[in-house]
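The residues of the chain are indexed from 1 along the displayed sequence. Computation of the quantities below employed the complete heavy-atom set of this structure, encompassing side-chain atoms and omitting hydrogens, waters and symmetry-equivalent molecules.
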Amino acid sequence: MNQAARKTNKDFIMSPKVDVCFAGLMENPKVRRGFCSAILRVPPETIEKTELLPTYLQRDCAEDKLGILDVHIRMADGSRINMEMQVKEHEFWDERVLFYLSKMFSGQLKSGEDYENLKKCIHVSILDFIHFPEDKRCCRTLCFCDTKTGEIYNDKMEIQVLELKKLPKKIRKGEELVNWMRFFSGKSKEDFRRMAKESIFLEEAYETLQRLSADDIKRLEYEAREKALRDHNSFVGSARRQGERIGEKRGEKNGIELAKKVFKLHTQGKTEEEIASECSMDVEKVREILE
């Protein structure tokens with residue numbers, strides 16, 4: 001290995017924004033405890049135990065072609081927290097979150113069990129894009145409430161949205177959740193080293209991040225996931241550009257929507273002939289879009 005390669009390996013550090021790295025961090029019980037205490041806004045010592053449930057790639061919807069790698073945690077009192085890192089904007093993000101949160105909530109009950117056994121479920125969306133452009137708040141909590149009085153109707157289903165792109169330049173003391181968000185946005189070892197001084201939990205997160213980055217197997221998984229994300233983004237971008245070209249050629253304003261429809265039907269397993277029939281176009285044009 002030459003000197004340049006050795007230097008590159010030495011300086012390499014994974015980005016927590018890549019979901020496999022984020023999931024790896026949450027496998028550490030101490031890191032998990034620290035982040036959960038920030039999410040719940042409670043002192044870490046009040047969290048007795050967290051259990052990491054099996055992680056899986058959710059692909060229940062045809063549009064989730066890439067799969068969503070999430071972190072599912074059960075607390076000592078039975079309540080659950082589902083966390084996911086998302087770096088690219090999703091067209092139907094709100095509907096997707098409601099769908100998975102509802103599944104998590106209803107999935108607690110086995111046949112014949114009473115509703116009183118249902119525990120609180122929280123979905124945490126960590127977004128590397130701006131989802132709420134109308135304000136500068138980087139963290140928000142959403143739940144069922146009376147739209148007139150604001151009174152909470154039921155707090156057993158909760159959504160927390162963390163927008164990394166809206167992090168404030170300065171943070172006030174006690175904003176542990178913002179500190180975690182700043183950590184997830186780190187880009188270099190120096191960034192992580194500096195943030196590790198904020199708490200023992202962030203220090204543990206940095207040490208875990210170093211171990212993950214030095215593990216050859218974990219690095220291969222990380223690089224494979226990075227490639228999958230890049231390929232997916234390229235695929236979506238190509239569909240958008242192709243749609244724009246179709247719109248220009250046909251003089252139609254719905255060229256982008258048409259291309260999206262073609263790709264959606266394709267991911268659902270439709271044949272080229274079926275797609276052509278549903279989209280009212282030639283099979284050759286369908287092939288052109290897919291290629």
Side-chain angles (χ1 to χ4, degrees), residues 26 32-51 53 58 60-61 63-64 68 70-168 171-182 184:
M26 291 302 139
R32 202 162 61 237
R33 181 185 178 197
F35 186 49
C36 285
S37 73
I39 287 292
L40 299 173
R41 278 80 167 177
V42 297
E45 56 270 19
T46 64
I47 297 181
E48 299 177 6
K49 178 184 177 184
T50 63
E51 177 188 359
L53 299 177
Q58 297 178 348
D60 293 351
C61 292
E63 290 188 0
D64 281 340
I68 303 300
D70 61 355
V71 175
H72 198 168
I73 298 170
R74 180 161 52 205
M75 309 297 289
D77 63 356
S79 60
R80 300 190 179 196
I81 304 176
N82 192 73
M83 311 168 180
E84 64 174 285
M85 179 73 70
Q86 184 74 6
V87 296
K88 292 296 179 182
E89 192 167 3
H90 193 289
E91 186 177 6
F92 301 106
W93 182 261
D94 295 334
E95 290 81 2
R96 226 179 113 279
V97 168
L98 288 172
F99 175 75
Y100 286 119
L101 177 59
S102 299
K103 284 193 66 176
M104 177 169 60
F105 186 71
S106 61
Q108 299 178 77
L109 287 187
K110 297 179 181 178
S111 179
E113 289 187 334
D114 294 331
Y115 293 123
E116 64 180 356
N117 293 328
L118 290 167
K119 302 295 182 180
K120 183 170 184 174
C121 289
I122 302 174
H123 186 284
V124 183
S125 297
I126 308 169
L127 310 179
D128 194 34
F129 56 86
I130 295 177
H131 188 59
F132 297 99
E134 64 276 6
D135 60 47
K136 296 182 178 179
R137 294 162 54 202
C138 64
C139 317
R140 71 186 69 226
T141 300
L142 310 169
C143 59
F144 290 105
C145 69
D146 187 308
T147 57
K148 186 174 182 178
T149 66
E151 181 181 359
I152 294 178
Y153 167 69
N154 190 295
D155 69 346
K156 286 197 172 182
M157 292 179 71
E158 178 179 300
I159 299 170
Q160 293 199 31
V161 183
L162 314 181
E163 297 174 273
L164 301 181
K165 293 292 187 186
K166 291 164 68 173
L167 277 169
I171 58 175
R172 297 183 295 272
K173 186 176 180 180
E175 292 184 317
E176 284 79 11
L177 186 55
V178 178
N179 277 327
W180 278 99
M181 292 173 64
R182 199 175 292 278
F184 296 145

*asked:* Using side chain to side chain contact (heavy atoms under 4.5 Å, CB included), reason through E45 and R33 one step at a time and then give a plain yes or no.
replied: CA-CA 9 Å; E45 56 270 19; R33 181 185 178 197; 4.1 Å; yes

*Any chance you could lay out the side chain to side chain contact (heavy atoms under 4.5 Å, CB included) test for D135 and K166, step after step, and finish with the verdict?*
CA-CA 9 Å; D135 60 47; K166 291 164 68 173; 3.1 Å; yes

*Passes side chain to side chain contact (heavy atoms under 4.5 Å, CB included), W93 versus L127? Steps please.*
CA-CA 10 Å; W93 182 261; L127 310 179; 3.3 Å; yes

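Counting non-hydrogen atoms of neighbouring residues, nucleotides and ligands closer than 6.0 angstrom, the CD atom of E48 reaches no more than 12 such neighbours. Within a 6.0 Å radius of CG in L98, other residues, nucleotides and ligands contribute more than 12 heavy atoms. More than 12 non-hydrogen atoms from other residues, nucleotides or ligands lie less than 6.0 angstrom from NZ of K156.
Formation of a donor-acceptor pair under 3.5 Å by the E158 side chain with backbone atoms of D155 is not found in this model. R41 places a side-chain N or O within donor-acceptor distance of the main-chain N or O of I39, the cut-off being under 3.5 Å. Between the R32 side chain and the M26 main chain, a donor and an acceptor come within less than 3.5 Å of each other.
Residue M83 holds its CE atom at 11.5 Å from OG of S125, rounded to the nearest 0.5 Å. A distance of 7.0 Å separates OG in S37 from CD in E176, rounded to the nearest 0.5 Å. Taken to the nearest 0.5 Å, the CZ atom of F144 stands 8.0 Å off from the CD1 atom of I159. Atom CG of L162 is separated from atom CH2 of W180 by 12.5 Å, given to the nearest 0.5 angstrom. To the nearest 0.5 angstrom, I47 atom CD1 is 14.0 Å from K49 atom NZ. The line from CG of L142 to CE of M157 is 12.0 Å long, rounded to the nearest 0.5 Å.
Counting heavy atoms from C-beta outward, Q108 and C121 have side chains that approach closer than 4.5 Å. Using a 4.5 Å heavy-atom cutoff, the side chains of L101 and N82 are not in contact. Residues E163 and R137 fail the side-chain proximity criterion, which asks for heavy atoms closer than 4.5 Å. Using a 4.5 Å cut-off on side-chain heavy atoms (C-beta onward), C36 and M75 make contact. Looking at E84 and R96, their side chains come closer than 4.5 Å, going by heavy atoms from C-beta outward. The closest side-chain heavy-atom distance from K119 to D77 is not below 4.5 Å. Residues I81 and V71 form no side-chain contact, since every pair of their non-hydrogen atoms from C-beta on lies 4.5 Å or further apart. Side chains of Q86 and I126 form no contact here, defined as non-hydrogen atoms less than 4.5 Å apart.
Ring centroids of F99 and F92 are separated by 6.0 Å or more, keeping the two rings apart.
Considering all non-hydrogen atoms of both residues, V178 and C139 come closest at CG2-SG, 4.3 Å. Nearest heavy atom pair, residue I130 against residue K165, reads CG1-CB, 3.7 Å. The shortest heavy-atom contact between Q160 and L177 is OE1-CD2, 4.3 Å. In terms of heavy-atom proximity, I122 sits nearest to M104 at O-CE, 3.6 Å. The minimum heavy-atom distance linking P168 with R182 is given by the pair O-NH2, 2.6 Å.
The aromatic rings of F129 and H131 sit perpendicular, their planes meeting at an angle over 60°, well past the 30° parallel limit.
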